[in-house]
Structure formats: C-alpha cells, structure tokens
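Report on the structure given below.
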Amino acid sequence: MIQGDYYDGESSAQLAATMQVAANGSVVVLGDQRQQLASFHLEQVKVSPRIGNTARYIDLPDGSRFETRENDAVDQWLTAFGRDRSNRFLNFLESHTKFVLLSVVIVAAFCWWMVEDGIPRAAEVVAYQLPASILDDSSKATLKLLDESFLGESELPPERQQALQELFAGYLPEHSEYQFRVLLRNGGRMGANAFALPDGTLVFTDQLVELVDSDQELLAVLGHEIGHVVERHSLRQTLQGSTVAVIAVLVAGDVSVFGDLFAALPTIIVSSSYSRDFERDADEFAFTFLKDHELSPKLFANVMRKMMLAHEAKSEGDEGEEHTHGDDPDESSWLDYLSSHPASQERIERAEAAAE
Amino acid sequence: MTEQTPMDETVNAAEPSQTQPAPAEQTIERTSYPFAFHGQGGEFFKIWIVNIVLTILTLGIYAAWAKVRTHQYFYGNTEVAKASFQYLADPITILKGRIIAVVLFLAYFFLNQQFPVQTMLVSIPLFIIAAPWIINRSLRFNMRNTAYRNIRFDFTGTYGSAFCNFVLGYLAVIFSFGMAFPWWLRQLNKYVVNNTKYGDAEFEATLDVGEYYIAFLLSILISFAVYAVILIGIGISAIGAAVESPVLTVILGGVTGIAGIIGFSFAKAFVNARLGNLLFNNTKLRDNGFTSELKPVDLTKLYVTNALLIIVTLGLAIPWVMVRMARYRLETLTLEATDLTGFVSEQTDRGNAIGEEIGDVFDIELGL
C-alpha cells in the first residue's frame, strides 16, 4: 500500500489517497474514506522515472494522477512487474558511487582531451579549409594599428635596408596563397622584436637588426615567422580560443553571478597554452627552414639569447631597482602559465638540440 | 513512512498570515504555506555527472534527456502545500527543436562565411521579426510543461505585445543610453507574469516602476562606494611598495581585492533581492499571493562562497551551487493561499520545443 495524494486532473483539489497493486497487476486508488477513486491495470498507467528522491507521479489513463514520495515502494512493484528498465538503469548509474567516480574520471579525461587534442585538431582542419584571404583585412588593420601606436619609420640607412631586403628576398618562399614581404620598422617601446601577420607580411624592428651579430641570425627569425604564416597560427588561435570561450560561457553561464569571470579565466589560461604550442611549432619550422638552407639552428639559439638579455636589460631600465630582489631568469614562476611564449631558456635548448 | 516529515513540516508551519496588509475590505482568511526545496547537492551531483557523461558518449544527443532530468529534479524537489511541481516536457520534442536550431545556426554560420554582407542584411531583420515569436514559444513550452496538482500552467502572450516589450523596449533602452533599463526590466517582468496562467486562473503582477529605479540607483551607489574603497585600498597598498616590502604590498592588495569582490557581490545581491521580493510580493493568483524575503546579505554570502567553491573544485561544485541557490530562493518564499482547490484545467496541447530550443541556441536570456 502506497500513501500519497490523488488529483483528478480537472481541478487542483488534493485528496489524500492510497494506491494498491494486486498480484494480477490491477491498480486501485482509494480515498481516505476507502472510496474507490480509480481502478486500472498496471499496463495502462505511466510511472514517472525515479530522479533522486523527488516525488513520483503515476499517471492514470483518465487524466488523473497519483503523487507519492514512497519511491522505494514504487520501485519495488515496478521491479516485480518488470517495468521501466531504461529509467532504472539511469537510477542505477546515479546511485552507485563507483559509476559516479568513473563518470568524473571520464568527464575530466574528456575535457583534457578536448583542450589538448580535440579542439586544436578540429581547428587545424577548419583553418586549412578556409581561404587564406580570410584574414587579409585583419592583417591590414593590425599593421595599421601597430604603425599608429607602437612602430615608427625605420631609421636604418637606406643602403642597409636595401641589402637586408635583397638578403631576405632569396629566402622568402614563393607561395600561391600568401604574399610574403618583409617590412622594417622602428620598434620604439617594443624593442628588438619581429612578428608575422597572417597575409604573409613579416615585420622586423631596427632594434632586432642592430642586436644580431650576423644577418644569418635574422634568417632564423625569418624562418620562425614564416612558420607562423604557412601553418596558419593566427587563424587556428582564433578558432581555438573562440571555441574554448563559447564552451566556457555555455558551462559557466547560468551558474553564478561570476559567470563572466568563470568563462574568462579558463579561456585566458587555455588560450595562452595554445599560443605557447604555436610558438614551439614555429620554432620547429625555423629549425627545418635553416637546415633546408644549409644553415645551423644554432643561429636561432644565438638570436634568442641576445633577445633575452636585451629584454631583461630593458625591463630593468624601465622598473628601476625592483628587479635586484633576485629575479633569476632561469627561475620559472607560476606566472609562466599565463605567458604566451615558452620560457626562452627552453627554446634555446631545443635549438641547440636541433643543431646536433 | 519517513517521507512524511517534510510534508508535516509544511502543514504544521501553516498559520494565518498577518504579513500582507490586504487591500481595504478583504477579510478572507489566508493560510501561509512556505515553499520547501528537498534537493541535496550530493544527490544532484550524481545526476549531473551521469548526464554529462551520457551527453559526451552520445555526442550531444542525450543533452535533451539530461535537460529534462535536471528540470525534473529541481521541479520535483520544490514543494508547497504538500504537493510538488512536475516537469512534463518530452525529450524527443526538445531534441527535434535542438536539431532545427543547430541546422539554422550552421546555415547562418556558413552563409555568413560566404556572403557576409547579404547574410547580415537578411538575418538581422529576420531575427528581429522572429525573436518575439521564439520567446513566446519558449515561454509557452515551459509553462505548459509545468504542472502542480495535476493542473498545468500556460502562457498566453501575443506576438504584438512580445514585439513591443522585447524589441521596442530594447530600442528604448539603447536610445536612452540605458536610462530606461529599470523600466524595461519591469515591462518584461510584467509581460511574463501577467500572461502566465495556472489552470483557468491568470497571474497578475502590479509592479511600481519607481521601485525598480530605486533598486538600481541604490545598487549603483553601493558600487560607487566599493570603487572608492578599492581606490583607497590601492593607495594604502602603495605604502607597501614605498617601504619596499613586497609582503606588505601583497597583503594589502589582496585585502583590497577581496573587499572589492565582496562589495560588488553585495551590489548585485542587493538589486536581485530587492527586485525578487518586489516581483513576488506584488504577484497574485486570484486571491492567493506570495511573500518573498530574500536578504541581500544572505545572497552575498551565497554568491561569494559559490564562486570560491567552483574555483577551488574546478567546477565540480556546480551541482551544489545550483542546489544551494534553489534552496535559498525557495526557503524565503511563502505562498499566502486563500483557496488552492478551485483551479480548473483548461488545455491539453503541450506546445512544442522549437521556440524554446532556438532561444537556447541563440542565447536569449529570460530570467525571472
């Protein structure tokens, strides 16, 4: 006998009632005066699935409904009559700790796989499907923005510029989809640096040109930047970053008032990790590029070392004595996780390993 | 046998209410039925994680069933006057709606790649025209699939009024530089509540627009105070830098940051509590009313601890957070009833999920 309430479906009146299931499968609902409210066969009634300890609803064919919180009793007679297997399977999964723990492991593994492998792989496929020209406008806009805010006209002597362009011309690949060209600019606050825009425009700063001992070292940087372009790192980074952002927003969206924060934090962390991966890929591309032109990847190590020293000197100059409190360049801090480039030391070691 | 306890509680707690100063001559006797939420974080965690795993293993198809199960868990654990709420949506209906929504979204995405300008020119007007319809369908689907005491809810908003409230109201907010936002929120609340029915009875909300402005103004003032505190905190932290003590700088900066997070949470909790109370306290269903007693301080505690829980557990605490929020919302809500038996059933069609799921995919927020 199951205790509950009976609702006839016509009005919201609540009647205290009991439900009895006979061995032959007949279901009878009795009111508190023992009067019969409904009588059907088990095959005709619909029982709501068990979800935690929420109330169960037994829908009767005449539109009336019996509501009870005696879940175990309901399950007992469902089992006795062999009904409702799929829902019992769900409840079985949900009520066994080992399956729940297994689920946590599966979900964690899946999330990890998505971030490490699934999303980058999908983005790579999509990136090569799209026309290379898709980022031309953004390349132009980026260059314009950089020219207006950070960069100035190159102050190198015209003949030096000419010589460099001639040197680079011999190494820039012919490619149907990208118009490779090198621009020389005064780096201003950016200092010694180089970067690639997705349409094939490569920018070198005067400071970088002055920093290197031989122009061959610039070819190491050239290889790295060409790698970014032909492997479509900008587009892939955009695709990967936005996928992570969309997923984060979907997951975190409704959960709390800090939804935006929850969405932004993992997005930033994962995006910088992707961007480090692309830097490594571009480095590898540069090593192969140098070897193909019968140059040594050691050149890459040399230029990295110089850039590292130059940037340290610059930041000490900018921030006064604060760095004297033992900021060992080899010491990696937790902030590395947020950095977009792999630690310089590591990149130098890879280059030297590639040279052997 | 043991399941009687929560019910007994609700019945014992029933007492004539003196909280509502009933208008003028009405002297009908009211009984207070507090809402109760019986969900448990640990119990829901299991349902939640199994939902996610099955959704992954079925490449997303199970998500429709997962949604129904989650709704059923929260509705079924919500109890008032010895009866719980029931979520009746059919997962297959939701799945169909989702498939249509995904197809539409993909079509939009690829057309936008190929013909960005043309797609924009067509899709924006189309979206504006379709949005009121989608919103109404979504509301109707949810209401019709909610039942209490075997009587369903319904939603009767028309396209015209949805267009006025959502599209024109939104334009008003933009052209007033946000000044109309409290007014707009009140219009939306009114639209949703006043078009909702339980059986044959209509809900009715009388919302004073002034109260919405007061709530937002006070919340903005609180935010300004928080900004001031943060600026002062940064100033004090600079002392740490001046005496070259990184430890002191970090401590002072940390305290400032924590104070800022608590402060902004409070500003948010303040407006949410005030407007949540306002909405329920002024909503009637025939002669039945509600008493809502959300407290900004309690809500702030919930917001801050929930955020901490989620960060520390890398998201695994989400089910607990959802249960905590639902429990607090319901435990501060009371039904002031004169008659709960006189509602009569009206319709049979349950609506379809297409509107709702399109709304889901394009992320239309309809928080009450």
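Quick caveat: nothing in here was measured; it's all calculated off a predicted structure. Keep in mind that the numbers below use all heavy atoms, side chains included, and drop hydrogens, waters and symmetry copies.
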For B/Phe45 and A/Val104, what are the C-alpha separation, side-chain angles and deciding distance, and is it a side-chain contact (heavy atoms from CB on, under 4.5 Å)?
CA-CA 10 Å; B/Phe45 175 79; A/Val104 175; 3.7 Å; yes
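With a 4.5 angstrom heavy-atom cutoff, B/Phe44 does not touch chain A via any of its atoms. In this structure, the portions of B/Ile47 lying under 4.5 Å from any heavy atom of chain A include both its backbone and its side chain. At a 4.5 Å heavy-atom cutoff, the contact between B/Leu54 and chain A is made by side-chain atoms alone. Only the side chain of B/Ala147 comes within contact range of chain A, judged by heavy atoms closer than 4.5 Å. Both the backbone and the side chain of B/Gln86 come within contact range of chain A, each with at least one heavy atom under 4.5 Å from a heavy atom of that chain. Of the two parts of A/Glu67, only the side chain, counted from C-beta on, holds a non-hydrogen atom closer than 4.5 Å to a non-hydrogen atom of chain B. The parts of A/Asn53 that come within reach of chain B are both its backbone and its side chain, each placing non-hydrogen atoms under 4.5 angstrom from that chain. With a 4.5 Å cut-off on non-hydrogen atoms, B/Phe85 touches chain A through its backbone but not through its side chain.
Panel note: side chain A/Ser12, backbone B/Phe343; a donor-acceptor pair is recorded below 3.5 Å.
Summarising the geometry, atom SG belonging to A/Cys111 is positioned 10.0 Å from atom CG belonging to B/Leu314; distances are rounded to the nearest 0.5 Å. A distance of 15.0 Å separates CD1 in B/Ile49 from CZ in A/Phe99, rounded to the nearest 0.5 Å. Rounding to the nearest 0.5 Å gives a distance of 11.5 Å between OG1 of A/Thr54 and CD of B/Glu79. From B/Tyr87, atom OH reaches atom OG of A/Ser48 across 15.0 Å, with rounding to the nearest 0.5 Å. Interatomic distance, A/Leu101 CG to B/Lys46 NZ, rounded to the nearest 0.5 Å: 9.5 Å.
Closest heavy-atom contact between A/Gln14 and B/Lys82: NE2-O, 3.1 Å. Shown here for A/Pro49 and B/Gln72, the closest heavy-atom pair between the two residues is CG-OE1, 3.9 Å. Closest of all the heavy-atom pairs between B/Tyr73 and A/Gly52 is CE1-CA, 4.2 Å. Heavy-atom minimum distance, B/Ser84 versus A/Tyr57: OG-OH, 2.7 Å.
Comparing B/Leu302, B/Thr341, B/Asn150, B/Val50 by heavy-atom pairs within less than 4.5 Å of chain A, the highest count is held by B/Asn150.
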